[in-house]
**Student:** 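What follows is a structure written as structure tokens; I'll ask about it next.
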Amino acid sequence: MNWKRTHYCGTVNKELVGQAVTLNGWVNRRRDLGGLIFIDLRDRTGLVQIVCSPEVLSEEQYRLAEGLRQEYVVSVSGVVRPRPEGQANPNLATGEIEVDVQSLEILAESKTPPFPVDRAADVDDTLLLRYRYLDLRRQPLQETIAARHRIVHYVRNFLDSHGFLEIETPMLTKSTPEGARDYIVPSRVHHGKFYALPQSPQMFKQLLMIAGFERYYQIARCFRDEDLRADRQPEFTQIDLEMSFVEAEDIMNLMEEMMIGLVKAITGREVPAPIPRISWAEAMLRYGSDKPDTRFGMEIVDVTDSVSQSQFRVFAAAIAAGGVVRGLNAKGCGAKFSRREIDNLVEEAEKYGAKGLIWINVGEGEIKSPIAKFLSEQETTAILRKLQAESGDLLLLVADAAPTAADVLGRLRLSLGKQLGLIDENRCDFIWVTDWPLFEYSEEEGRWVAAHHPFTAPHDEDLGILATDQRNVRAKAYDLVLNGIELGGGSIRISRKEVQMKMFEALGLSEAEVQEKFGFFLEAFEYGAPPHGGIAFGLDRLVMLLTGRDSIRDVIAFPKTTSAMDLMVGAPSAVSPQQLRELKLNLKLEEN
RNA sequence: GGAACCGUGGUGUAGUUGGUUAACACACCGGCCUGUCACGCCGGAGAUCGCGGGUUCGAGUCCCGUCGGUUCCGCCA
């Protein structure tokens, strides 16, 4: 018997009635009625019912059919026929027909699976991950992994049609000082020396620009040895690209064309072009976040000017220290919230790092607030006007240093937006956040560090203050944000050596350090580096959003647990003494 | 590094105030069953309650530790 399939299970339909077909697949479920056996046969396209009848099959073949169990792999040949009157199954795409089996072959038996493969059950993750190949057989994961393929395929086609070349870069590379903790790999040939797995192909893609490829991309695996989250794995994939002879505009325009097309292709949704843009400073002011969720309003308003002369000590002290007073209007919550609920908001704000949260409950012609008596008539009126307060509203104010006020109100805004059901889950709100600060101050290290990475170009107008006024240097950097989630970011890079040297100087790196870490890179810039820039998107997060999953593990075929273990293969694991000897490594494990 | 929640037959759960025989459904095994589709009916097997220690006459239950999972903070672009 030839066991090779002529059709896929999920594609057998009425048009094939009367035709002989051969199907391959797994036994999803069997219903043995004694003298008649129904089997749902499953392959990656779906299910189809096959019928084994003693009137058609030989005794030997029927006995084979009786022995079938879940997850057996079989090949069946038979004739497609309509189901009898009233026996159609509307829940099945192939529910109007069935296959009358004439011969069957067991290609592989299966042990009873450790968890049900054929139906949704909330099984312990440990078990699902240990038997990941069985979990992957289930419909939702099959669909997600297939969607991931379609997304990558779309991106490859798009970039190919725009002249990009897919070029691989090394996985065994060099540890760099800035950024995340590296995964390191010992060298056997060079004792005591280590490779690092790339956190991103950043320097390589810039070198490819210097090499004259002009347009590069890569579906690049990246590694960061940091603690995991629902949306963070230690190895993840970036859609990474770089272009020469372009400005930020060019990259953003091309990328929004790609993203809008991708969303259309995968979800069928129309996203209107152009994607709105907002500067980082404005995003922080209005949304209190560098990745604003623009699916709802409730924007933050600065009222510092209105209370600059205030006698109220909390306001006066914050302003005297160079801080701000900002607030947001929780529409209708004044009338709706109990005192208890308002107190919870205060507590929440304190958890986010605020010294306190001032609330004003706006009533009909009067206000209720613990600070009502400290504010002058004019101040109150100005605050109400700026926040467009109406009767029934609840105003929430924070007086603090600008970054803290922004952060606290930004988080409160998101939390209230969720709590009040203001977020329309069906919306697909992209926004570009541009003009990021080039530096941020690291309290831990007591110096300015690169906000993005040290190759990001500053704005031309800010070149003069590069090493003197780090706080106010803006970068030619842009992030693409979708529904409050950062999808990716990039920048125009520094392409002149003297600017790069000034950048390192501003970061407080010594000449020797620069030579040791980046010498090869700087040298390349002496041989004709074109102006260039690029961007990288987190593929896993993108797939997660486009398929509506809520964990990155659902979009990676073989993911790791929150403690960075692969429960299927059992990694990480000990290595043999022989391997350690070759590497000249001694383990000095601390007791307990 | 820190916090919270979870861990009971193969799977999902129940298990009262600590009380002696750990319950239910599905899956599994055997029998019956020719139109099922979460097939049905009858019967059966299957658990040292994640692991270690403690309190107690007695621990699935209380306490401590530990391992594993998940979520969050720190960390991470």
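Residue numbering restarts at 1 for every chain, and letters A, B, ... go by the order of the sequence lines. Note that the structure is predicted; figures quoted are calculated from it, not measured.
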**Student:** Which nucleotide in the set B:A27, B:G68, B:G35 lies at the smallest distance from any side-chain heavy atom of A:Thr126?
**Tutor:**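 The closest nucleotide is B:G68.
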**Student:** To the nearest Å, give me how far apart CG (A:Leu47) and C1' (B:U36) are.
**Tutor:**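 Taking atom C1' of B:U36 as the reference, CG of A:Leu47 is at 15 Å.
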**Student:** Look at A:Thr561 and B:G69 and indicate whether a side-chain polar atom (N or O) is within less than 4.0 Å of OP1 or OP2.
**Tutor:**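 So the side chain of A:Thr561 is within the cut-off, an N or O lying under 4.0 Å from OP1 or OP2 of B:G69.
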**Student:** Indicate whether any N or O donor in one side chain lies under 3.5 Å from an N or O acceptor in the other, for A:Trp26 and A:Gln70.
**Tutor:**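 No.
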**Student:** With the side chain of A:Leu33 defined as its heavy atoms from C-beta on, choose the nearest nucleotide among B:G35, B:G12, B:A77.
**Tutor:**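 Between B:G35, B:G12, B:A77, the one nearest the side chain of A:Leu33 would be B:G35.
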**Student:** Taking only the P atom of each, what is the distance from B:G52 to B:C67 in whole angstrom?
**Tutor:**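 15 Å, rounded to whole Å.
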**Student:** Nearest of B:C29, B:U71, B:A77 to any side-chain atom of A:Glu440?
**Tutor:**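 Nucleotide nearest to A:Glu440's side chain: B:A77.
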**Student:** Check for a donor-acceptor pair, side chain of A:Asp435 on one end and backbone N or O of A:Ala281 on the other, with a separation under 3.5 Å.
**Tutor:**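 Looks like no, no N/O pair under 3.5 Å.
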**Student:** Would you classify A:Pro116 as touching base, sugar-phosphate or nothing, given that sugar-phosphate means primed atoms plus P, OP1 and OP2, and contacts are heavy atoms under 4.0 Å?
**Tutor:**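 Sugar-phosphate contact only.
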**Student:** Under 4.0 Å between a side-chain N/O of A:Arg69 and OP1 or OP2 of B:C29, yes or no?
**Tutor:**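 Answer yes for this pair, as a side-chain N or O of A:Arg69 is under 4.0 Å from OP1 or OP2.
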**Student:** Between B:U11 and B:A27, how far apart are the C1' atoms? Round to whole Å, please.
**Tutor:**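 That atom pair is separated by 7 Å.
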**Student:** Within the supplied structure, the quantity of interest is the number of heavy atoms (other residues, nucleotides, ligands) at a distance under 6.0 Å from A:Phe194 CZ; does it exceed 12?
**Tutor:**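 More than 12 within 6.0 Å, yes.
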**Student:** Rounding to the closest angstrom, what is the interatomic distance between B:C33 and B:C51 at atom C1'?
**Tutor:**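 My reading of the C1' atoms in B:C33 and B:C51 gives 47 Å.
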**Student:** Select base, sugar-phosphate, or nothing to describe what A:Asp479 touches, counting heavy atoms under 4.0 Å on all strands.
**Tutor:**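 Counting heavy atoms under 4.0 Å across all strands, no contact is made by A:Asp479.
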**Student:** In the strands shown, is B:C5 matched to any nucleotide by a Watson-Crick or G-U wobble pair with both distances under 3.5 Å, and which?
**Tutor:**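 Looking at the geometry, B:C5 pairs with B:G69.
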**Student:** Going by atom types alone, do A:Gln49 and A:Arg31 pair a side-chain donor with an acceptor below 3.5 Å?
**Tutor:**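 Short answer, yes.
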**Student:** Which one, B:C76, B:C37, B:U70, comes nearest to the side chain of A:Asp125?
**Tutor:**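 Selected nucleotide: B:U70.
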**Student:** Touch check for A:Arg553, heavy atoms < 4.0 angstrom, all strands: base, sugar-phosphate only, or nothing?
**Tutor:**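 Result for A:Arg553 = sugar-phosphate.
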**Student:** Taking any heavy-atom pair under 4.0 Å as a contact, classify A:Ala536: base, sugar-phosphate, or nothing.
**Tutor:**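 It contacts nothing in the nucleic acid.
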**Student:** Tell me whether the count of non-hydrogen atoms from other residues, nucleotides or ligands lying under 6.0 Å of CD in A:Glu96 goes above 12.
**Tutor:**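 No - once you tally the heavy atoms of other residues, nucleotides and ligands closer than 6.0 Å, there are 12 at most.
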**Student:** Considering only B:G35, B:C33, B:A77, which nucleotide approaches the side chain of A:Asp32 most closely?
**Tutor:**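 Output: B:C33.
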**Student:** Using the P atom as the reference point in each nucleotide, state the distance between B:U61 and B:C73 in Å, no decimals.
**Tutor:**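 My reading of the P atoms in B:U61 and B:C73 gives 33 Å.
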**Student:** Remember a base hit wins even if backbone is also touched, and classify A:Leu92 as base, sugar-phosphate or nothing at under 4.0 Å, heavy atoms.
**Tutor:**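 Here A:Leu92 touches no strand at all.
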**Student:** Could you check which of B:G35, B:U71, B:C76 has an atom nearest any side-chain atom of A:Glu226?
**Tutor:**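 Looking only at heavy atoms from C-beta outward on A:Glu226, the closest nucleotide is B:C76.
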**Student:** Applying the side chain to side chain contact (heavy atoms under 4.5 Å, CB included) criterion to A:Met252, which one of A:Thr434, A:Ile535, A:Leu480 satisfies it?
**Tutor:**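 Option passing the side chain to side chain contact (heavy atoms under 4.5 Å, CB included) with A:Met252: A:Thr434.
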**Student:** Is a donor-acceptor pair below 3.5 Å formed from side chain A:Arg29 to base B:C39, judging by atom type as modelled?
**Tutor:**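 Under the 3.5 Å cut-off, the side chain and the base do not form any donor-acceptor pair.
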**Student:** If we take the P atom in both B:U55 and B:G43, what is their distance in whole Å?
**Tutor:**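 Approximately 46 Å lies between the P atom of B:U55 and that of B:G43.
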**Student:** Give one of base, sugar-phosphate or nothing for A:Glu98, where a contact means two heavy atoms less than 4.0 Å apart.
**Tutor:**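 The answer is base, as A:Glu98 lies within the cut-off (heavy atoms under 4.0 Å) of a base atom.
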**Student:** Is it true that a side-chain atom of A:Arg224 and a backbone atom of A:Gln199 form a donor plus acceptor pair closer than 3.5 Å?
**Tutor:**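 Here the side-chain-to-backbone pair exists.
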**Student:** Mind checking A:Arg81 for me? I need base, sugar-phosphate or nothing, with any heavy atom below 4.0 Å counting as a touch.
**Tutor:**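 Here A:Arg81 touches the bases of the nucleic acid.
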**Student:** How far, in whole Å, is B:U17 from B:G58 if one measures between their C1' atoms?
**Tutor:**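 Comparing C1' positions in B:G58 and B:U17 gives a spacing of 15 Å.
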**Student:** Considering Watson-Crick and G-U wobble pairs with both distances under 3.5 Å, what does B:G44 pair with?
**Tutor:**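 B:G44 is paired, partner B:C28.
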**Student:** Between B:A22 and B:G10, how far is it from one P atom to the other, in whole Å?
**Tutor:**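 It comes out at 16 Å once rounded to the nearest Å.
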**Student:** Strictly by Watson-Crick or wobble contacts shorter than 3.5 Å, is anything paired with B:U36, and which nucleotide is it?
**Tutor:**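 Matched B:U36 with nothing under the 3.5 Å cut-off.
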**Student:** Kindly point out which of B:G69, B:G1, B:U11 is positioned nearest to the side chain of A:Phe115?
**Tutor:**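 Within the option list, the nearest is B:U11.
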**Student:** Provide, to the nearest angstrom, the distance between the CG atom belonging to A:Leu134 and the C1' atom belonging to B:G10.
**Tutor:**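 Rounded to the whole Å, the gap is 13 Å.
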**Student:** Under 4.0 angstrom, heavy atoms only, what part of the nucleic acid is A:Ser563 near: base, sugar-phosphate, or nothing?
**Tutor:**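 Touches sugar-phosphate only.
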**Student:** Taking only the side-chain heavy atoms of A:Gln87 (C-beta and beyond), determine which of B:A27, B:U36, B:C75 contains the nearest atom.
**Tutor:**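 So the side chain of A:Gln87 is nearest to B:U36.
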**Student:** Using the closest heavy atom to pick a nucleotide of RNA chain B for each, name whichever of A:Gly179 or A:Ala564 lands nearer the 5' end.
**Tutor:**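 Checking each residue's closest nucleotide, the 5'-ward one belongs to A:Ala564.
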**Student:** Is it the case that the side chain of A:Glu242 and the backbone of A:His532 share a donor-acceptor pair, with hydrogens and angles ignored and the cut-off at 3.5 Å?
**Tutor:**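 Judged by distance alone, no pair lies under 3.5 Å.
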**Student:** Describe the nucleic acid contact of A:Gly488 in one word from base, sugar-phosphate, nothing, applying a heavy-atom distance below 4.0 Å.
**Tutor:**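 A:Gly488: no heavy atom of the nucleic acid under 4.0 Å.
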**Student:** Would you tell me if any nitrogen or oxygen in the side chain of A:Arg229 comes within less than 4.0 Å of OP1 or OP2 on B:C73?
**Tutor:**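 Answer is yes, contact under 4.0 Å.
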**Student:** If the cut-off is 4.0 Å, is A:Gln49 near the phosphate of B:G35, judged by side-chain N/O to OP1 or OP2?
**Tutor:**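 The answer is no; no side-chain N or O of A:Gln49 sits under 4.0 Å from OP1 or OP2.
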**Student:** Parallel, tilted or perpendicular: which fits the ring planes of A:Phe518 and A:Phe504, with parallel below 30° and perpendicular above 60°?
**Tutor:**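 Taking A:Phe504 first and then A:Phe518, their aromatic rings lie parallel (interplane angle under 30°).
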**Student:** Would you mind telling me which of B:C28, B:G68, B:U71 lies closest to the side-chain atoms of A:Leu567?
**Tutor:**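 In terms of side-chain proximity for A:Leu567, the closest of B:C28, B:G68, B:U71 is B:G68.
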**Student:** Tell me which nucleotide among B:A27, B:G74, B:C76 gets nearest to the side chain of A:Arg411.
**Tutor:**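 The closest nucleotide is B:G74.
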**Student:** CG of A:Leu129 versus C1' of B:G69: gap in Å, rounded?
**Tutor:**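 It works out to 9 Å between those atoms.
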**Student:** With a cut-off of less than 4.0 Å, is there a side-chain N or O of A:Thr562 near OP1 or OP2 of B:U70?
**Tutor:**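 Yes, because at least one side-chain N or O of A:Thr562 sits under 4.0 Å from OP1 or OP2 of B:U70.
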**Student:** Quick one: is B:C39 close enough that its OP1 or OP2 comes under 4.0 Å of any side-chain N or O from A:Arg31?
**Tutor:**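 Answer yes for this pair, as a side-chain N or O of A:Arg31 is under 4.0 Å from OP1 or OP2.
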**Student:** How do A:Asp122 and A:Gly34 order along RNA chain B: which one's closest nucleotide is nearer the 5' end?
**Tutor:**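 Taking each residue's closest nucleotide, the earlier one in sequence belongs to A:Asp122.
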**Student:** Is there a donor and acceptor pair, one atom on the side chain of A:Asp227 and one on the base of B:G74, closer than 3.5 Å?
**Tutor:**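 In this structure, the two groups form a donor-acceptor pair.
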**Student:** Just call it for A:Arg232: base, sugar-phosphate, or nothing, with non-hydrogen atoms closer than 4.0 Å on any strand.
**Tutor:**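 If one applies the 4.0 Å heavy-atom cut-off, A:Arg232 turns out to touch a base.
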